[in-house]
Every structure is written in structure tokens, then in C-alpha cells.
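None of the values given here were measured: they were computed from a predicted structure. Labels below follow one simple rule: chain letters A, B, ... track the order of the sequence lines, proteins then strands, and each chain is numbered from 1.
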Number of protein chains: 2
Amino acid sequence: MAVNLKQLAELLGLSQTTVSRALNGYPEVNAETRQRVLQAVRETGYRPNRAAQRLATGKAYSIGMVMPIAAGIDSDVHFGEFLAGLGEEAVKHDFHFVLNPSAPEDEEATFQRLAASGNVDALFLAYMRANDPRIAMLKSLSMPFVVHGRSIGEARDYPFLDIDNTAAFYDAARLLIQLGHRRIALINGPDYLSFSIRRRKGMARALAEHGLNLDEALVHHSLMTDEHGYRSMQRFLQQPDAPTAVLCSSTVLALGAVRAINQAGLAIGRDISLIAHDDVLPMLKPENFSVPLTTTRSSLRAAGGRIATRLIASILKSGAYPDQELWRAELIVRASTGPAPQK
Amino acid sequence: MAVNLKQLAELLGLSQTTVSRALNGYPEVNAETRQRVLQAVRETGYRPNRAAQRLATGKAYSIGMVMPIAAGIDSDVHFGEFLAGLGEEAVKHDFHFVLNPSAPEDEEATFQRLAASGNVDALFLAYMRANDPRIAMLKSLSMPFVVHGRSIGEARDYPFLDIDNTAAFYDAARLLIQLGHRRIALINGPDYLSFSIRRRKGMARALAEHGLNLDEALVHHSLMTDEHGYRSMQRFLQQPDAPTAVLCSSTVLALGAVRAINQAGLAIGRDISLIAHDDVLPMLKPENFSVPLTTTRSSLRAAGGRIATRLIASILKSGAYPDQELWRAELIVRASTGPAPQK
DNA sequence: ACGGATATCCAAAGCGCTTTGGGAGGAAAA
DNA sequence: TTTTCCTCCCAAAGCGCTTTGGATATCCGT
């Protein structure tokens with residue numbers, strides 16, 4: 001059924017060379033001949049065998065990523081959204097992705113296998129941790145890669161795209177302080193991820209500038225699920241000196257937090273203020289919360305698109321992009337933040 | 001840096017044939033020789049080039065899927081969860097995935113390209129629609145595939161895994177009817193997807209058995225987001241003869257519905273009953289809703305795992321699995337369902 | 001001691017493509 | 001007319017692996 005180059009060439013009475021050249025846009029082929037070839041391709045439905053193409057050129061037209069997976073590991077909404085961004089860009093250049101599932105402890109080895117397999121010509125890395133060993137590993141692979149996020153405590157001499165998490169949560173905390181809040185809580189992502197660390201740092205800095213301290217009892221780290229948001233908020237509210245404002249690292253966490261607040265009979269924006277980081281997840285819009293949420297916004301999907309663009313450019317060696325990018329999140333004030341309640 | 005078979009063979013003073021055979025477990029090689037080869041592999045870090053391997057064997061050890069993507073298309077939580085299930089199973093057999101992004105209108109052509117590319121040796125298809133043309137296309141590709149869901153109005157002569165959506169929503173609706181509800185609404189997924197059609201049918205059947213009709217004004221179809229759930233519920237509640245019970249096709253929709261109900265000052269499980277279909281999304285557990293949700297439950301992740309198992313078995317020709325599977329969703333009663341309020 | 005298994009190994013072909021290094025033929029230059 | 005230079009095309013090598021079809025050596029029974 002499927003024709004290959006050889007058959008196609010025979011059919012046309014041309015050599016494989018000429019057909020190949022015609023298809024790949026080389027100049028040394030007659031315009032008329034090229035048209036004939038193109039026509040034949042349309043008629044036969046010829047598709048080049050990618051494996052062969054790859055073997056010959058070394059290019060795979062694909063971006064590799066490892067997908068940590070285990071019985072206990074939850075799928076992550078944020079990941080899906082990011083992938084959508086990557087995909088949106090990749091489809092424009094006819095690139096695809098190779099997802100290599102891997103046990104978390106095996107991730108580095110999986111990256112090496114992936115790189116050596118010849119299946120991909122660039123790698124993508126995310127969920128950065130402090131002192132992340134994977135960066136050194138990727139550097140040693142001599143294959144283009146881009147990191148989403150940044151490590152902490154390492155030279156920044158690798159290509160990344162990150163948002164300025166420190167600034168985002170600094171801005172958010174400062175707004176709350178200006179509104180008169182003094183006891184501010186933080187419902188953060190996992191404590192080993194660098195974005196969590198930076199957000200916490202940004203918040204602490206804003207507090208410090210106003211002579212305030214970050215109270216350890218008001219900081220929770222957890223996976224960013226509705227459930228954890230709920231539990232954290234509930235625990236905060238049970239404390240003797242409950243916070244009057246909360247920062248959430250995701251709208252998903254905020255979802256649970258809002259629930260806990262409502263259940264406690266408190267009014268958001270009046271009794272307690274809430275700011276969440278908004279990754280612009282389409283299924284969870286801050287403006288649709290019962291009380292619209294004040295957020296620090298930065299589109300995950302856009303980040304995915306940008307990373308795909310850079311990765312593809314580095315493979316095709318087309319166009320130059322900055323190696324390091326730090327995006328600024330936008331602070332958007334809605335109804336969930338109000339002046340601190342008077343005691 | 002990276003060694004290939006030839007170099008490895010030279011290093012060992014063996015032929016490529018022997019080394020290849022030693023690695024692939026063929027019998028005609030001395031046990032001692034095999035050990036030497038294995039040792040050398042360990043020392044050199046030799047990894048076979050997959051592209052070459054594939055070219056020679058035709059096997060890619062990978063499962064292909066096309067990922068519909070466009071500016072307007074939202075990422076889907078359900079997809080991520082399903083993928084986790086696929087991955088969990090695939091990692092056990094060292095399989096990977098090829099995700100080919102595609103414009104929605106281009107999906108069929110993308111499948112064909114994917115199949116012809118030699119990049120994958122099985123395909124996976126989901127989000128089935130009624131009279132889905134993709135099934136005939138996949139059949140024509142002479143490559144194993146498994147469908148998640150089923151089409152409607154076509155011979156069922158293709159491999160699929162689906163849940164019995166009709167039965168699930170029949171059960172759910174019947175429970176509500178038994179509780180005395182007469183006006184029951186449905187917040188469903190997109191109307192062109194077959195699971196939506198079947199759920200609606202199941203609900204209609206239960207109503208019909210009790211002499212009731214499905215009121216078109218009480219049926220909404222939409223993407224399964226929080227926002228749509230909210231809007232639908234809001235509109236239902238504004239109607240003169242508002243429903244006393246609602247079926248939701250996803251806990252994500254239920255999330256919005258609950259918000260609308262709360263906002264209207266109604267009590268879930270007393271003023272209005274709610275049943276949602278639960279895909280067992282880790283970020284959204286029905287038992288964590290302010291009023292725990294009665295659900296029809298079936299794990300999407302488990303479905304992903306099973307499909308991966310079947311796909312891999314069909315590639316490796318190891319073990320036989322049923323070609324068609326229909327899973328039964330479990331009806332789990334929690335606090336969100338109660339007797340219909342007396343007028 | 002000899003024909004025939006049996007156990008190990010190897011050379012070479014082939015998978016489908018790209019690319020190098022020409023070659024034939026016609027047009028332009030001498 | 002001969003030489004030079006393009007233009008357009010081709011044969012063949014090579015990418016890294018698997019696999020077919022032997023080759024060689026060892027060992028058996030008779």
C-alpha cells in the first residue's frame with residue numbers, strides 16, 4: 001500500500017536523488033520536474049519514513065520530555081495546559097513530542113536513554129527543584145534543551161524560561177500589607193520546587209520591608225490540589241490568631257481555600273482577603289469565582305508556546321532567541337482583596 | 001562519545017552480528033561471550049539507536065496519539081489523568097508515546113502521517129463522536145489501535161474500551177426518581193461526543209420508565225469546565241419551574257454547579273440534589289465537596305492503564321485480551337442526594 | 001578414523017532515506 | 001569549431017541496526 005522513495009522514483013522514471021531533492025526544496029531540480037514529483041506524491045500518498053529520514057539526517061523533528069509517573073503520582077492540570085501551549089506551536093512546524101514515562105527516581109537515566117535513542121533532537125525539562133541535578137546532566141548530553149523554571153543555587157548558564165515568582169509574590173504581599181493586613185498566610189506548592197521557594201521568598205521580602213515576619217505557622221506546602229487548599233485554609237482558620245489574608249500558589253488551591261472560608265461563614269474580600277497565582281487555566285478562571293479573585297497572572301500555555309518556539313529554532317538553527325527569559329507576572333486586582341478588617 | 005554497534009563489536013573483537021544477538025537474547029551465542037558483551041555495554045553506556053533499530057525491525061516501541069490543538073481548544077483535565085494511566089503502564093514495558101499535535105480538522109490526515117512515519121506501531125483514539133469517521137480510517141491503516149469510548153451508529157467491530165455511560169446515568173437518574181424527584185436537569189459534555197449522547201439516553205430511559213419526559217430546557221451541553229457548570233446551573237435555577245435535582249457529566253462541572261447553588265442560597269442534598277460522574281480526578285474528589293457528592297464512578301486513569309496494556313500486548317503479540325470491553329460505573333451515594341423537597 | 005550433528009561465530013544484504021561526487025547535454029564564450 | 005560553464009540529473013555510499021545464509025570448529029557415534 002504505502003509507497004517508498006524508490007517506488008516513487010521508478011514510477012516517475014527519475015532517480016531517488018532527484019525525487020528526494022525535489023521534495024526537500026533543493027535548487028538543482030527543474031521546476032517542471034518538481035511539479036511532476038509533487039503531483040505523484042499527491043496521487044500516491046507518499047510519506048517519507050521518518051525513521052529512515054532520521055537515520056540519514058540525524059534529525060527527528062521531535063521534542064523529548066520525560067513524564068514522571070508512578071502509582072502515587074497525580075496527574076497535574078498545570079501540565080496539561082502547558083502541553084497545550086507546546087503543542088500549539090509545534091504543530092506549526094510539524095514537530096511532535098516523545099513522552100517517555102519514567103519512575104521519578106529513574107528520571108536522569110531516562111533522559112539519557114531518550115537522548116541516545118535518536119528519537120528526539122531536543123529536550124524539555126520542568127518542575128525545577130533547588131540544586132537540580134538534572135541540569136548538569138542535560139548539559140552533558142550535547143543536545144539542545146530548554147528548562148521551564150530555574151533551579152536555585154546554581155549558575156544560570158543554561159537556557160530557561162521562567163516567570164519572576166519572587167516579584168509576583170512580593171507584589172501580591174505588598175498589596176495586602178498596604179491594605180492593612182498584618183497576618184498573611186501562604187498556601188504554597190511543594191516545598192522542594194523552586195517556584196515555591198521563590199514565591200515564599202518574595203512574600204517574606206515584602207513583609208520584611210514593613211517590619212513584619214513570615215510566621216511559619218502560616219505557611220503550608222503541598223501538591224496543588226483543591227483538597228490541599230481546603231485543608232490548609234481550614235487549619236489556618238482554626239488558629240487562635242487567624243490570618244486576615246492568604247496567598248495561594250494556584251487557583252486550584254484557591255478553590256479549596258474558598259470553600260473552607262465559605263464554610264467558616266467568612267466573607268472573602270471583607271473578613272479575609274485572597275490572592276492566587278493564576279496560570280490562566282481555562283477550566284478555572286479567577287473572574288468566575290463566587291468572589292472574583294485577585295491574581296498574579298502569567299499564562300502557562302503561552303510559556304509552553306514560547307519554549308516550543310525556542311526549542312524548534314535551536315534544532316532548525318533558524319532565528320536567534322534569548323537564552324534566558326524571565327517573564328513578569330501581572331497583578332490583577334479583583335474583589336477578593338479588601339482592607340484588613342478592624343479588630 | 002556515544003558508541004554504536006560497530007564500535008562495540010570492534011572493541012570486543014566480535015562481529016556486529018554476534019553482539020546484536022547477544023543483546024537480543026538469541027540462543028546461538030556462548031553464555032560467556034554474552035556476559036562479555038553485557039559487561040562492555042555497561043562500561044561504554046552503549047544504547048542502540050532506536051531509529052536504526054526501527055528501520056531494521058519495523059518496531060518502534062511506541063504508541064501514537066494525535067493531540068487536537070488550536071488557539072481555541074482548551075486543555076482538558078481529563079486528558080491529563082488518562083495520560084497518567086497510559087504512562088504508568090507503558091513505563092513497565094519501556095514504551096513511549098508520540099504525541100502529534102494537529103489542527104482538529106486535520107486529524108485524519110495526521111493519523112495517516114503518523115502511521116506512515118514509522119514512528120509508532122500502534123495508535124490510540126479518544127473523544128469519540130457519533131458516526132466517527134476516524135474509525136474507518138484507523139481500520140484502513142493496518143496498524144493495531146484501541147479506541148477509548150465507542151462511536152454510535154456503527155458496527156462495533158473495532159477494539160475499544162468504554163464505560164457503560166447509558167447504564168451509569170440510568171442508575172443515577174433512577175435513584176433521583178426514587179427519591180421523589182420529578183424535574184431533573186442534565187449538565188452534560190459536548191453534544192457531539194458519544195459519551196454525552198449515551199448519558200443523556202440513559203437518563204431519558206430512566207425517566208421514561210416512570211412516565212416522565214426529559215425536558216429539553218433542562219439539558220445543557222458544553223465543555224466540561226467549572227465555568228460552564230456554573231452558568232448552566234444558574235440558568236436552571238432562574239427558570240420558573242426549577243429542577244430539584246441535577247446530573248453532571250463531570251465533577252468539574254459539578255464544581256461550578258455547586259457554586260451556583262450556594263449562591264442561590266439553596267442547600268445541596270435538601271433543596272436540590274446533585275449527582276456527578278466521577279472520573280476519579282485526584283485534584284477534585286467528590287468526598288471533599290462542601291457537601292460530599294453522590295457520583296457514578298469510573299477511574300479514567302485505570303482505563304488509560306488498561307488501554308496501554310492492550311495496545312502493548314497487540315504490538316508484542318503477547319497475551320490475548322478481549323477486543324471490546326465495557327466497564328460498569330459504580331454508583332456511590334453520598335450526601336448530595338436527598339428526598340425531593342415537598343412543595 | 002570418518003561422516004554428520006551441534007555449537008559459535010561471521011560477512012553481507014537490506015531497511016528507506018539523504019548526500020557526495022560526478023556526468024551528460026546544451027548554451028555561451030573564444 | 002572548440003572550449004567552458006551551467007543546468008539537470010544519476011549512481012552509489014552511508015546512517016546503525018537486524019537477519020539470512022553460510023563458515024569453522026568441536027564433538028559424537030560407529
[atom1] of [X] versus [atom2] of [N]: gap in Å, rounded?
X     : N      : atom1 : atom2 : answer
B/N4  : D/dT18 : CG    : P     : 12 Å
B/L23 : D/dC17 : CG    : P     : 10 Å
A/E10 : D/dC10 : CD    : P     : 12 Å
A/L5  : C/dG14 : CG    : P     : 18 Å
B/E28 : D/dG21 : CD    : P     : 14 Å
B/E32 : C/dA7  : CD    : C1'   : 14 Å
A/Q7  : C/dG14 : CD    : P     : 15 Å
B/N30 : D/dT24 : CG    : C1'   : 15 Å

Open item on the list: What I want to find out is whether B/D279 reaches B/R301 closely enough, with some N-O distance under 4.0 Å, to be called a salt bridge.
Closed with: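 Salt bridge absent between B/D279 and B/R301.
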Task: N-O pairing of A/E108 and A/R134 below 4.0 Å - done: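 Looking at A/E108 and A/R134, the cut-off is not met.
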- [ ] Can you sort out which residues in residues 90-98 of chain A have a heavy atom within less than 4.0 Å of DNA chain C? Ascending by number, please.
- [x]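 Hits under 4.0 Å, by residue number: none.
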- [ ] Just jot down the salt bridge (charged side-chain N to carboxylate O under 4.0 Å, His left out) partners of B/D323, sequence neighbours excluded, or say none.
- [x]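 B/D323 satisfies salt bridge (charged side-chain N to carboxylate O under 4.0 Å, His left out) with no other residue.
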Open item on the list: Run the ring-ring contact (aromatic ring centres under 6.0 Å, His included) test on B/F82 and B/F124 for me, step by step, so that the C-alpha distance in whole Å, both residues' side-chain angles and the decisive distance to 0.1 Å come before the verdict.
Closed with: CA-CA 12 Å; B/F82 184 84; B/F124 159 71; 5.0 Å; yes
Open item on the list: By nearest heavy atom, map A/N49 and B/A31 onto DNA chain C; which one lands nearer the 5' end?
Closed with: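 Taking each residue's closest nucleotide, the earlier one in sequence belongs to B/A31.
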Open item on the list: I want to confirm an ordering. Mapping A/L55 and B/V29 to their closest nucleotides on DNA chain C, which one lands closer to the 5' end?
Closed with: B/V29
Task: Residue-level proximity of residues 11-21 of chain B to DNA chain D when a heavy atom falls under 4.0 Å - done: B/Q16, B/T17, B/S20, B/R21
Residue-phosphate contact under 4.0 Å: [X] side-chain N/O, [N] OP1/OP2:
X     : N      : result
B/N24 : D/dT18 : yes
A/T33 : D/dC9  : yes
A/Y26 : C/dT19 : yes

TODO: Please name the pair of heavy atoms, one in B/I315 and one in B/A122, separated by the smallest distance, quoted to 0.1 Å.
DONE: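 Minimum heavy-atom separation between B/I315 and B/A122: CD1-CB, 3.5 Å.
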Task: Distance-only side-chain donor-acceptor flag, B/N49 / B/R54, under 3.5 Å - done: no
Task: Validation row: A/N119, B/H96 side chains within 4.5 angstrom (heavy atoms) - done: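 In short, these two side chains touch, coming nearer than 4.5 Å.
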Open item on the list: Taking atom OH as the centre, does B/Y61 end up with more than 12 heavy-atom neighbours from other residues, nucleotides or ligands that are less than 6.0 angstrom away?
Closed with: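 No, because the 6.0 Å sphere around OH of B/Y61 holds 12 heavy atoms or fewer from other groups.
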TODO: For B/Q53, report the nucleic acid contact type (base, sugar-phosphate, nothing); a contact means any heavy atom under 4.0 Å.
DONE: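 B/Q53: backbone/sugar contact only, no base atoms under 4.0 Å.
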Open item on the list: Keeping A/S299 on the side-chain end and A/A302 on the backbone end, is there a donor-acceptor pair under 3.5 Å?
Closed with: yes
